[in-house]
Amino acid sequence: MNLTADPATAAPSRTAPALVVEGLTKRFGTRTAFENVSFSVNHGEVFGFLGPNGAGKTTTVRTLGTLIAPTSGHATVAGLPLIPQNGVEIRRRIAIMPEAPGLYLRLSVAENLSYFAGLYELTDGPARIERALRAVNLLDRADELCRSLSKGLRQRVGLARALLSDPTVLFLDEPTSGLDPVAAGTVHDLIDALRNRGVTIFLTTHRLAEAERLCDRVAIMNTTLRLVGTPDELREQLFSKRLEIRTREPLADPERVLAGLAGVESWHRADDGAYVLAVADPGLVAPDAARALVAAGADVLSLSPSQYSLEDVYLRLIDTDVEAQNR
Ligand code: ATP
């Protein structure tokens with residue numbers, strides 16, 4: 001790793017990963033916030049960062065955002081090694097939206113953005129403010145006091161603030177925390193729109209359905225990185241494939257019908273009455289199972305692969321973690 005890269009010559013590359021994290025650790029005295037964390041995030045990716053309270057998510061964001069220094073390990077952020085000399089240039093290329101948007105409630109939306117544009121020393125402030133407000137669909141609310149806005153709208157102003165600097169990497173720390181489903185859905189649509197514009201998004205969230213809907217890949221953290229991959233990859237890693245069968249009446253001799261099917265490793269009856277088959281490939285077994293059931297005189301109500309949500313994956317990983325429950 002070239003730690004002495006000159007920021008002036010190291011323009012953000014669209015082919016190199018947007019973030020590379022290698023063995024990163026942050027301790028506060030004897031308390032370890034996160035330890036030996038390694039992952040990378042591709043350009044234009046929405047990367048979900050999940051984990052229980054105290055797992056180290058916000059501290060990771062603050063570290064990658066140059067707000068605090070890591071204890072050990074390496075990282076590259078928006079093409080630049082994470083070292084103090086690169087702090088200013090890294091901050092030019094990224095933006096962080098913290099959980100609380102940090103607005104001046106007695107100022108209007110436009111006044112807030114104008115203040116922050118000045119703080120960030122942006123030269124073409126008015127044009128950037130207009131672009132940012134348009135991106136979050138708030139152009140028509142520019143003159144309203146932030147105090148009079150709902151939490152959802154304030155969150156969108158916070159997002160506009162983060163977009164002022166035209167970041168290539170945007171860190172969103174629980175952007176929908178406390179929002180109602182409609183306001184959260186609006187933020188989801190805005191994140192989708194940013195993804196379509198090629199912005200790399202690092203999203204920490206406790207809403208697993210949100211991560212499932214928005215993220216190309218997710219990492220599950222609990223001080224150390226537990227798993228990283230697409231939601232489908234994580235499901236495959238943690239759960240064997242299953243085919244779930246429901247019949248109008250219980251089968252007279254399920255062992256004879258189900259155990260004889262090619263590709264069925266085992267079967268059991270679930271508490272809700274469904275027959276659950278462990279299979280290597282549900283698509284291959286399903287037609288044979290349907291034929292065998294009909295031949296056995298069963299009325300088949302449904303026959304489908306079991307669907308595991310990201311929440312199932314998360315709970316399987318984290319629920320067993322005693323440490324997480326005590327934090
Ligand atoms: P949450 O989901 O509740 O926001 P998190 O995953 O973001 O949690 P962090 O806020 O990163 O977790 O905290 C990770 C650990 O580091 C916790 O044990 C926390 O108490 C500790 N920690 C964070 N900041 C500091 C600090 N400035 N000084 C000491 N300990 C800290």
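Residue numbers start at 1 and run along the sequence shown. Whatever order the structure lists them in is the order used to number ligands and atoms, beginning at 1.
- Below 4.0 Å from some heavy atom of His206 lie the following atoms of ligand 1, by number and element: 2 (O).
- A salt bridge does not link Arg207 with Glu174: every distance from a Lys NZ or Arg NE/NH1/NH2 to an Asp or Glu carboxylate oxygen is 4.0 Å or more.
- No heavy atom of Gly29 sits closer than 4.0 Å to any atom of ligand 1.
- Numbered from 1 in the order shown, with element, the atoms of ligand 1 that lie under 4.0 Å from a heavy atom of Ala55 read 5 (P), 6 (O), 12 (O).
- Ligand 1 has no nitrogen or oxygen under 3.5 angstrom from a nitrogen or oxygen of Gly51.
- The closest heavy-atom contact to atom 24 (N) of ligand 1, among the options Phe34, Phe28, Phe49, comes from Phe28.
- Lys241 and Asp232 are not joined by a salt bridge, as no carboxylate oxygen comes within less than 4.0 angstrom of a charged side-chain nitrogen.
- Looking only at distances, a side-chain donor or acceptor of Asn112 sits under 3.5 Å from a matching main-chain atom of Tyr104.
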For residues 280-297, please give each side-chain donor-acceptor pair under 3.5 Å, one per line with the distance, not counting sequence neighbours.
residue : atom : partner : partner atom : Å
Asp281  : OD1  : Gly283  : N            : 3.0
Asp288  : OD1  : Arg291  : NH2          : 2.8

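- Looking at Thr32 next to ligand 1, no N or O pair under 3.5 Å apart turns up.
- Remark: Thr25 pairs with no residue by the side-chain hydrogen bond (donor to acceptor under 3.5 Å, both in side chains) rule, at least two apart or across chains.
- Between Lys57 and ligand 1, at least one pair of N/O atoms sits closer than 3.5 Å.
- Looking at Thr71, its side chain does come within 3.5 Å of a backbone N or O of Arg27 through a donor-acceptor pair.
- Counting the atoms of ligand 1 from 1 in the order shown, those under 4.0 Å from a heavy atom of Glu174 are 2 (O), 4 (O).
- Residue Thr58 has at least one nitrogen or oxygen atom sitting less than 3.5 Å from a nitrogen or oxygen atom of ligand 1, judged on distance alone.
- In terms of modelled atom types and a separation under 3.5 Å, the side chain of Glu212 and the main chain of Leu310 share a donor-acceptor contact.
- Remark: ligand 1 atoms within the under-4.0 Å shell around heavy atoms of Arg31 are 18 (O), 20 (O), 21 (C), 30 (N).
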